[in-house]
Undergrad: 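Input: one structure, supplied below.
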Amino acid sequence: MLGFLIVIISGVAAAVFATKGLHSSGWGIFFGVLGALVAWAVLGLVLRRKIAAQQQKVQDIMQMAQIKINRQMEMFQRRPPSSEKAARQIMEKIQNDAVRNALAELDNFKRFYKWNLMLSKQVNTMKVQLYFQLREYNKVDELLPSAFLFDVQTVAIKLVRLYKTENAGLDKFFRSKVRRFKGDSRAFFASVYAWMKLKQGKDQDALNALLDSKTTTDHQVMMDNIERLSNGKSKHYSNSGFGDMWYALGLEEPKVKPQRQMRGY
């Protein structure tokens with residue numbers, strides 16, 4: 001809003017000075033428009049650079065956390081932990097600490113909100129994903145109405161919250177969003193919904209959701225599940241093939257094969 005006001009003032013000022021100096025309203029309009037465009041370009045360039053620098057800080061936090069996690073995994077390979085639970089707790093602490101640092105860094109975007117009306121929604125979208133990762137669902141529910149629901153992961157998070165809170169709008173929300181996605185994203189979103197319908201005991205609804213998406217994608221995980229449901233093997237339904245995208249939703253825990261304890265430790 002403030003940026004728009006500055007552009008308007010710049011344009012009007014340029015028009016007034018040009019009109020008085022050149023004694024021509026035509027030239028006044030020309031230089032007024034030119035002045036507004038120049039102000040818009042300069043303001044946009046400065047703002048983009050500042051926002052990009054702030055975004056880089058957030059990315060650096062998450063990248064450093066990933067480096068720490070990789071190093072910790074290498075240590076576990078050389079010296080296995082006392083238990084799988086202990087290893088998971090160590091990894092989760094590294095990740096959660098990074099997420100909280102990233103959330104704190106995101107608050108520094110607030111000073112740019114008055115310059116960019118859409119920026120607050122962009123930041124809230126990132127916060128939704130981070131708070132969901134921390135399992136602070138009250139924060140997620142608070143921010144979702146003021147976040148962008150464009151990318152499949154954020155839309156899936158909204159779907160999960162509707163499912164977990166037993167919201168009657170689950171089916172309507174799915175139908176309103178599913179056709180927006182194509183390819184792998186469509187397969188993932190439809191498969192998440194199908195899993196929910198199976199848990200609700202509505203096997204045919206689950207199969208129909210996958211069959212409807214079959215016209216736009218032949219993702220292997222989805223096709224395998226269509227075959228299972230078509231043959232009455234709903235207990236063998238699995239979204240594990242989607243990997244981290246699926247497990248990030250917290251609906252299932254990844255199955256970890258027990259490791260054989262090495263001698264000498």
Side-chain angles (χ1 to χ4, degrees), residues 99 117-255:
V99 169
L117 295 177
M118 293 293 101
L119 184 59
S120 62
K121 279 203 166 190
Q122 295 172 11
V123 172
N124 285 341
T125 303
M126 290 187 280
K127 284 185 174 182
V128 162
Q129 296 185 6
L130 294 175
Y131 277 121
F132 190 84
Q133 190 171 336
L134 291 174
R135 300 184 182 182
E136 295 187 12
Y137 300 125
N138 59 325
K139 289 285 188 179
V140 173
D141 294 340
E142 179 184 330
L143 290 169
L144 272 171
S146 56
F148 284 126
L149 297 181
F150 290 152
D151 67 286
V152 68
Q153 198 71 20
T154 307
V155 178
I157 286 174
K158 173 69 173 179
L159 192 71
V160 170
R161 294 306 301 147
L162 292 173
Y163 170 74
K164 286 292 188 179
T165 56
E166 300 182 352
N167 192 298
L170 174 71
D171 298 329
K172 182 179 179 180
F173 178 78
F174 171 75
R175 289 193 297 269
S176 69
K177 300 297 183 184
V178 66
R179 300 194 185 282
R180 176 187 301 175
F181 302 116
K182 304 294 180 184
D184 292 354
S185 295
R186 174 71 175 263
F188 174 69
F189 191 56
S191 297
V192 172
Y193 176 75
W195 182 93
M196 295 173 179
K197 301 315 290 183
L198 288 176
K199 293 299 180 181
Q200 293 176 346
K202 299 179 179 180
D203 293 18
Q204 190 58 49
D205 288 351
L207 178 58
N208 290 341
L210 299 182
L211 289 174
D212 287 343
S213 296
K214 187 179 177 182
T215 58
T216 64
T217 175
D218 60 352
H219 193 284
Q220 192 60 51
V221 173
M222 190 184 77
M223 299 303 290
D224 289 344
N225 282 327
I226 288 176
E227 183 177 355
R228 292 175 184 128
L229 295 182
S230 298
N231 294 323
K233 298 180 179 179
S234 59
K235 291 184 178 180
H236 297 285
Y237 185 95
S238 175
N239 284 337
S240 61
F242 289 108
D244 290 341
M245 283 186 68
W246 166 245
Y247 293 118
L249 296 178
L251 296 173
E252 283 185 339
E253 292 292 334
K255 295 179 180 179

Undergrad: Step by step, would you call N239 with L251 a side-chain contact (heavy atoms from CB on, under 4.5 Å)?
TA: CA-CA 10 Å; N239 284 337; L251 296 173; over 6 Å; no
Undergrad: Could you tell me whether the side chains of D224 and Q220 share a donor-acceptor contact shorter than 3.5 Å?
TA: yes
Undergrad: Looking at T217 and M223, what are the two nearest heavy atoms and their distance?
TA: O-SD, 4.5 Å
Undergrad: Looking only at heavy atoms, which two atoms of V221 and S238 are closest? And how far apart?
TA: CG1-O, 3.7 Å
Undergrad: Kindly determine whether L229 and L198 satisfy side-chain contact (heavy atoms from CB on, under 4.5 Å), including the steps that lead there.
TA: CA-CA 10 Å; L229 295 182; L198 288 176; 3.9 Å; yes
Undergrad: Does the ring centre of F188 sit less than 6.0 Å away from the ring centre of H219?
TA: no
Undergrad: Establish, from distance only, whether the side-chain atoms of D171 and Y193 form a donor-acceptor pair under 3.5 Å.
TA: yes
Undergrad: Test Y163 against K199 for side-chain contact (heavy atoms from CB on, under 4.5 Å), laying out the working first.
TA: CA-CA 10 Å; Y163 170 74; K199 293 299 180 181; 3.2 Å; yes
Undergrad: Starting at NZ of K158, measure out to CG of L170 and round the result to the nearest 0.5 Å.
TA: 10.5 Å
Undergrad: Applying the ring pair (Phe, Tyr, Trp, His ring centres under 6.0 Å) criterion to W195, which one of W246, F189, Y237 satisfies it?
TA: W246
Undergrad: Decide if atom NZ of K214 counts as having more than 12 heavy atoms of other residues, nucleotides or ligands within a radius under 6.0 Å.
TA: no
Undergrad: Any idea which heavy atoms bring D151 and T154 closest together, and the distance?
TA: OD1-OG1, 2.7 Å
Undergrad: Can you confirm whether more than 12 heavy atoms, excluding those of E252, are under 6.0 Å from its CD atom?
TA: yes
Undergrad: Heavy-atom count check: over 12 atoms from other residues, nucleotides or ligands less than 6.0 Å from K121 NZ?
TA: yes
Undergrad: Do any N or O atoms from the side chain of Q153 and from the backbone of M245 form a donor-acceptor pair under 3.5 angstrom?
TA: yes
Undergrad: Rounded at 0.5 Å granularity, tell me how far CD in E142 sits from CD in E136.
TA: 11.0 Å
Undergrad: Report yes or no: does N167 contribute a side-chain atom to a donor-acceptor pair with the main-chain N or O of G169 at less than 3.5 Å?
TA: yes
Undergrad: Between F132 and V160, is there a side-chain heavy-atom distance shorter than 4.5 Å?
TA: yes
Undergrad: Could you give the distance from CG (L130) to CE (M126), rounded to the nearest 0.5 Å?
TA: 8.5 Å
Undergrad: Just how far is it from atom NZ of K172 to atom CG of L162, taken to the nearest 0.5 Å?
TA: 12.0 Å
Undergrad: Measure the spacing between CG of L144 and CG of L149 and express it to the nearest 0.5 Å.
TA: 6.5 Å
Undergrad: How far does OG of S230 sit from CG of D203, to the nearest 0.5 angstrom?
TA: 11.5 Å
Undergrad: Checking S213 side chain against L210 main chain: does a donor-acceptor pair fall under 3.5 Å?
TA: no
Undergrad: Compare all side-chain heavy atoms of L159 with those of M196 and state whether any distance is below 4.5 angstrom.
TA: yes
Undergrad: Which heavy atom of V152 sits nearest to which heavy atom of S185, and what is that distance?
TA: CG2-O, 3.6 Å
Undergrad: Work out which heavy atom in S240 is nearest to a heavy atom in Y247; give both atom names and the distance.
TA: CB-OH, 3.2 Å
Undergrad: What do you reckon, is CG of D244 surrounded by more than 12 foreign heavy atoms closer than 6.0 Å?
TA: no
Undergrad: Set out, in order, the CA-CA distance, both residues' side-chain angles and the distance that settles side-chain contact (heavy atoms from CB on, under 4.5 Å) for N208 and K197, then state yes or no.
TA: CA-CA 10 Å; N208 290 341; K197 301 315 290 183; over 6 Å; no
Undergrad: Can you establish whether the number of heavy atoms outside R179 located under 6.0 Å from its atom CZ is more than 12?
TA: no
